[in-house]
Amino acid sequence: MGEFELIRRYFAAAACAATADGVALGIGDDCALLTPVAGAQLAVSTDTLVAGVHFPALCDPFLLGQRALAVSASDLAAMGAAPLAFTLALTLPDADPAWLEAFASGLNRMATACGLALIGGDTTRGPLSMTLTVFGQVPAGLALTRAGARVGDLLCVGGPLGEAGGALELVLGRLAAAPDVAEPLLERYWSPPPQLALGQALRGRATAALDVSDGLLADCGHIARASGVALVIDAERLPPSPALESLLGPERALQAKLSAGDDYVIAFTLPPAELAELQRDWPQVRAIGRVEAGAGVRVLDGTGRDITPRQGGYLHFME
Ligand code: ADP
Ligand code: MG
């Protein structure tokens, strides 16, 4: 199978490569052409995933296709951007039809769920890796950046934390669990639903936002720095996760919620007056802390004691 046959069969023929709103020209020419709506800014983000670094080399290709796109789409969600399109630069050791078929259908499933059209890419031979670039649109001036958090705002999250980190222990074979514990966690790892609708609902409401990819503490640190404020997290208000708590026990589950990566839920700061109305449409949104004057991120227990893990402390979790 030659390069062009491979592109045609697995990618250009996928349902997500069909014409879509905002796509004037898709796969097949030297460039794709996008037509954002008048007054919109284009939101663009690129992520590279390398076998053995960002995913296990011998994983299920359907799940990999889903996850690769979900991770990139989550960046659009965190900016409040509406999904438009994506490109796929794929490096493959060989053209294995069964692998390609499964990978493309996982990718197609997530693309269709997100409303992202496949508009182009590149196909090369080499060690397995992929670079996805996503394009979204957001009304000029309304994108959610990391820089606007204000003293007095609440710190909120859009969903569970730590579950993908717990799942990684299962994926890497370091822990085992019964299906009722393993399945919900593995679902969060392989198919984190990008919070695209929530992100758009936060436009004009949230003062700062990002998606939690490196762990809550590290990512809240980005908001604190960019906004010039301190963030305080109340450990007791972190979203409960029965599966994670059963897998790791309460203490390590708390560590995972604070420090494990790959959750891809939106963390954001919000004026307190906005919370009740937001939770009417998004009951899974939780206020987990607040913005104060100062710098850095602190974690408090139920008695107000500072239990912020030291750098060395939380890095141990994944050893
Ligand atoms: P060029 O040499 O002009 O860069 P290519 O031969 O690399 O073009 O690709 C031909 C067409 O197929 C282009 O429209 C390109 O965007 C698209 N394409 C290549 N690889 C992929 C892929 N993995 N997924 C989707 N589209 C792809
Ligand atoms: Mg090319």
Side-chain angles (χ1 to χ4, degrees), residues 1-37 40-77 79 81-137 190-194 196 264:
M1 177 170 37
E3 177 190 340
F4 293 109
E5 173 61 9
L6 185 159
I7 295 167
R8 194 194 59 73
R9 188 183 303 176
Y10 298 105
F11 299 110
C16 63
T19 47
D21 277 357
V23 179
L25 185 64
I27 293 177
D29 216 308
D30 294 310
C31 288
L33 298 173
L34 297 179
T35 314
V37 298
Q41 290 175 318
L42 209 48
V44 182
S45 172
T46 289
D47 283 292
T48 294
L49 302 180
V50 177
V53 179
H54 302 100
F55 60 89
L58 288 177
C59 68
D60 179 331
F62 179 89
L63 296 175
L64 178 62
Q66 275 195 162
R67 182 169 189 274
L69 186 58
V71 165
S72 291
S74 176
D75 284 321
L76 294 179
M79 291 301 280
L84 204 47
F86 73 107
T87 61
L88 169 70
L90 188 59
T91 301
L92 295 168
D94 49 39
D96 172 356
W99 191 95
L100 278 160
E101 179 74 44
F103 175 78
S105 59
L107 189 80
N108 188 57
R109 172 144 178 231
M110 186 57 71
T112 309
C114 292
L116 281 164
L118 178 58
I119 55 164
D122 200 20
T123 306
T124 52
R125 192 181 286 270
L128 179 62
S129 79
M130 58 205 65
T131 297
L132 286 89
T133 301
V134 289
F135 300 85
Q137 55 187 340
W190 285 117
S191 190
L196 288 158
Y264 302 105

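Both counts, for ligands and for their atoms, begin at 1 and track the order of listing. Computed from heavy atoms alone, side chains included, the values below leave out hydrogens, waters and symmetry copies.
Listed by number with element, the atoms of ligand 1 under 4.0 Å from a non-hydrogen atom of Leu88 are 22 (C), 23 (N), 24 (N). Those atoms of ligand 1 with a heavy atom of Ile7 less than 4.0 angstrom away are 12 (O), 18 (N), 19 (C), 20 (N), 27 (C). Using a 4.0 Å cut-off to heavy atoms of Asp30, the atoms of ligand 1 that qualify are 3 (O). The ligand atoms of ligand 1 that sit less than 4.0 angstrom from a heavy atom of Asp122 are 7 (O), 19 (C), 20 (N), 21 (C), 23 (N). Close approach of ligand 1 to Phe11 (heavy-atom distance below 4.0 Å) involves ligand atoms 23 (N), 24 (N), 25 (C). Close approach to Phe4 involves these atoms of ligand 1, each under 4.0 Å from a residue heavy atom: 6 (O). Of all the atoms in ligand 1, the ones that sit under 4.0 Å from a non-hydrogen atom of Asp29 are 13 (C), 14 (O).
Of all the listed residues (Gly121, Gly26, Gly28), Gly121 holds the heavy atom that lies closest to atom 18 (N) of ligand 1.
Listed by chain and number, the residues in a side chain to side chain donor-acceptor pair (under 3.5 Å) with Thr48 are Thr131 (sequence neighbours excluded).
Within 6.0 Å of CG on Asp21 lie no more than 12 heavy atoms contributed by other residues, nucleotides or ligands.
For the pair Leu6 and Phe11, the minimum side-chain heavy-atom distance is below 4.5 Å. Side-chain contact between Leu88 and Phe103 is present, with at least one heavy-atom pair separated by less than 4.5 Å. When side chains are defined from C-beta on, Phe55 does not count as touching Val71, because their heavy atoms never get closer than 4.5 Å.
Using modelled atom types and a 3.5 Å distance limit, the side chains of Glu3 and Thr123 yield no donor-acceptor pair.
When heavy-atom distances to ligand 1 are checked against a 4.0 Å cut-off, Thr123 comes that close through both its backbone and its side chain. Using a 4.0 Å cut-off between heavy atoms, Thr87 makes no contact with ligand 1 at all.
A donor-acceptor pair is defined here as one N or O able to donate and one able to accept, closer than 3.5 Å; such a pair exists between the side chain of Gln137 and the backbone of Val37.
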